[in-house]
Amino acid sequence: MLVFAKSVLIYKAQQDPRTLRSDQLTVPINGYSESRIPLLQSIVTAYAASSLVSSILVLWGNPSTPSQTLAQLANNLTHSSFGFNSISLIRQSSNSLNNRFLPRPLIKTRAVLVCDDDVEVDPKSFEFAFRMWGSNPDRLIGFFVRSHDIDLSKKEWIYTVHPDKYSIMLTKFMILKSEYLFQYSCAGGTVMANMRKIVDEMHNCEDILMNFLIADEVNAGPILVGAERVRDWGDARNDHDNRDGEGRRGLNGKVAQVGLSSRKEKHRKRRGECIGQFHRVLGRMPLRYRYGKVVNSVGEQGLCQKGGKLVLCDQS
C-alpha cells in the first residue's frame with residue numbers, strides 16, 4: 001500500500017495502552033536514498049517473515065524521489081513479502097527526522113522497532129531483543145550504543161564511544177514503547193518543541209533526543225543486548241569495494257557512503273553540539289550510563305582439546 005503523508009493523520013491524544021497488542025510490534029523503517037532500495041526491500045522481506053511483526057511502515061523521507069519510483073517500490077514490497085499484507089509505504093511531507101517518531105494511527109502495538117534501512121538482524125537476535133523489551137517495557141532496547149561525556153578542557157559536552165559504558169541507543173535498531181512517540185511529538189510543551197526544532201536545524205540527533213526523553217522519564221539508561229549476527233551496511237568502516245562477501249555486489253561502498261555517520265569527525269562534533277543544546281534547553285542532563293550487555297545464553301567458555309583441536313568444552 002502506498003500512502004502519501006498529507007493523507008496520514010497523527011494522534012492528537014495519547015492512545016490507551018490497553019487497546020494495543022503486546023505480543024507483536026510495529027516496524028517503522030526510515031528510507032531516504034534510492035541507492036539503498038534493494039537493501040531496503042531485503043530488510044522489509046525479512047521482517048515480514050517474522051511472526052513477531054504486526055505491520056511495517058516504510059517512512060520515505062526524500063521529497064525529490066519520483067512518485068513512479070515509490071510506486072514501483074510499493075509493488076515490489078507487496079510481491080516479495082510472502083503474502084504479508086500489512087506493509088505501508090508512506091511518503092513524508094518533509095525530510096524532518098522528527099517524522100520518525102510520529103504517533104501514527106497505523107501503529108496498533110505497544111512496542112515499536114524504529115530502525116534504519118541498512119541494518120540486517122538475524123531472527124534469533126530480533127526475538128531476544130523483543131523478549132528483553134517485554135521484561136523492560138519502559139526502557140530503550142537495542143544493539144547499537146554510544147556515550148555522552150564532557151570535555152573538561154573545553155567545558156562542553158561531547159558524543160563519543162566508551163569501551164565499558166554507554167548512555168545512548170541508536171535508531172539503527174531501537175525498540176521502545178509506542179507511548180513515547182506521543183511524548184516525543186505531541187507533549188512536553190515549549191521545551192520539547194524547542195528541542196525538536198534543534199533536530200530540524202541540525203538535521204540530526206533525533207535519536208539522542210529520544211534518549212533524553214526516556215532517560216528523563218525513567219532515570220535510567222538504555223539496555224544493550226547481545227546479538228548473534230547483525231550486518232551494518234551503513235558503517236563507514238565497511239570496505240568500499242564492489243563486493244559484500246555474501247553473494248551480492250555493488251552494495252558496500254554505495255550504502256556505507258550515503259549515511260550521515262559516514263562523515264565521522266564532523267558527525268561526532270555535530271552530535272556533541274546537539275547534546276549541549278538539549279542540555280541547555282532542558283536545564284539538566286538526564287542521560288544515564290549503563291554498563292555491560294544482556295546476552296541470550298551464558299554457554300561454556302572453557303576450552304578443551306578434542307580431535308586435536310581446542311574447542312569449547314560443551315561442543316561435541
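Values in this document were obtained by computation on a predicted structure and should not be read as measured data. The chain is numbered in sequence order, starting from 1.
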Single-linkage hydrophobic cluster, 4.5 Å side-chain cutoff, [X] and [Y] together:
X	Y	value
Ile158	Val281	no
Leu113	Leu20	no
Val161	Val225	no

Quick check: does any side chain N or O of [X] sit under 3.5 Å from a backbone N or O of [Y], one acting as donor and the other as acceptor?
X	Y	value
Asn136	Arg139	no
Lys108	Pro105	yes
Gln24	Ser51	yes
Arg91	Thr65	yes

Reported [atom1]-to-[atom2] distance for the pair [X] and [Y], which is rounded to 0.5 angstrom:
X	Y	atom1	atom2	value
Asn219	Ile214	CG	CD1	13.5 Å
Phe278	Ile198	CZ	CD1	5.5 Å
Phe128	Asn296	CZ	CG	4.5 Å
Met174	Ile141	CE	CD1	11.0 Å

Does the side chain of Tyr159 come under 3.5 Å of the side chain of Asp149 through a donor N or O and an acceptor N or O? no
Do Asn98 and Glu206 meet the criterion of a side-chain donor-acceptor pair at a distance under 3.5 Å? no
Any salt bridge between Arg100 and Asp116, counting N to O under 4.0 Å? yes
Using a 4.5 Å cut-off on heavy atoms from C-beta on, say whether the side chain of [Y] contacts that of [X].
X	Y	result
Asn211	His148	no
Ile56	Ser86	no
Val112	Leu25	no

Does the ring pair (Phe, Tyr, Trp, His ring centres under 6.0 Å) test come out yes or no for Tyr47 and Phe126, once each step is laid out? CA-CA 9 Å; Tyr47 282 125; Phe126 174 36; 5.3 Å; yes
How far apart are the C-alpha atoms of Asn75 and Thr78, what are their side-chain angles, what is the distance that settles it, and do they pass the side chain to side chain donor-acceptor pair (under 3.5 Å) test? CA-CA 5 Å; Asn75 183 65; Thr78 299; 5.9 Å; no
Other than Tyr291, which residues form its hydrophobic cluster under the rule that side-chain heavy atoms must be closer than 4.5 Å? Tyr289
Non-neighbouring partners of Asp23 that pass side-chain contact (heavy atoms from CB on, under 4.5 Å), sequence neighbours left out: Arg21
Enumerate the salt bridge (charged side-chain N to carboxylate O under 4.0 Å, His left out) contacts for residues 270-285, please, sequence neighbours excluded, ordered by first and then second residue. Asp207-Arg271, Asp216-Arg284, Lys269-Glu273
Between Phe173 and Phe143, how do the two ring planes meet: parallel, tilted or perpendicular, split at 30° and 60°? tilted
Do the numbers put Arg231 on top of the ring of Trp233, so that NZ or CZ is under 6.0 Å from the six-membered ring centre and no more than 45° off the axis? yes
In sequence, state the C-alpha distance, the side-chain angles, and the governing distance for Ser96 and Asp200, and then conclude on side chain to side chain donor-acceptor pair (under 3.5 Å). CA-CA 6 Å; Ser96 171; Asp200 283 333; 2.5 Å; yes
Apply side chain to side chain donor-acceptor pair (under 3.5 Å) to the pair Thr26 and Thr109, showing each step before the final yes or no. CA-CA 6 Å; Thr26 304; Thr109 58; 2.7 Å; yes
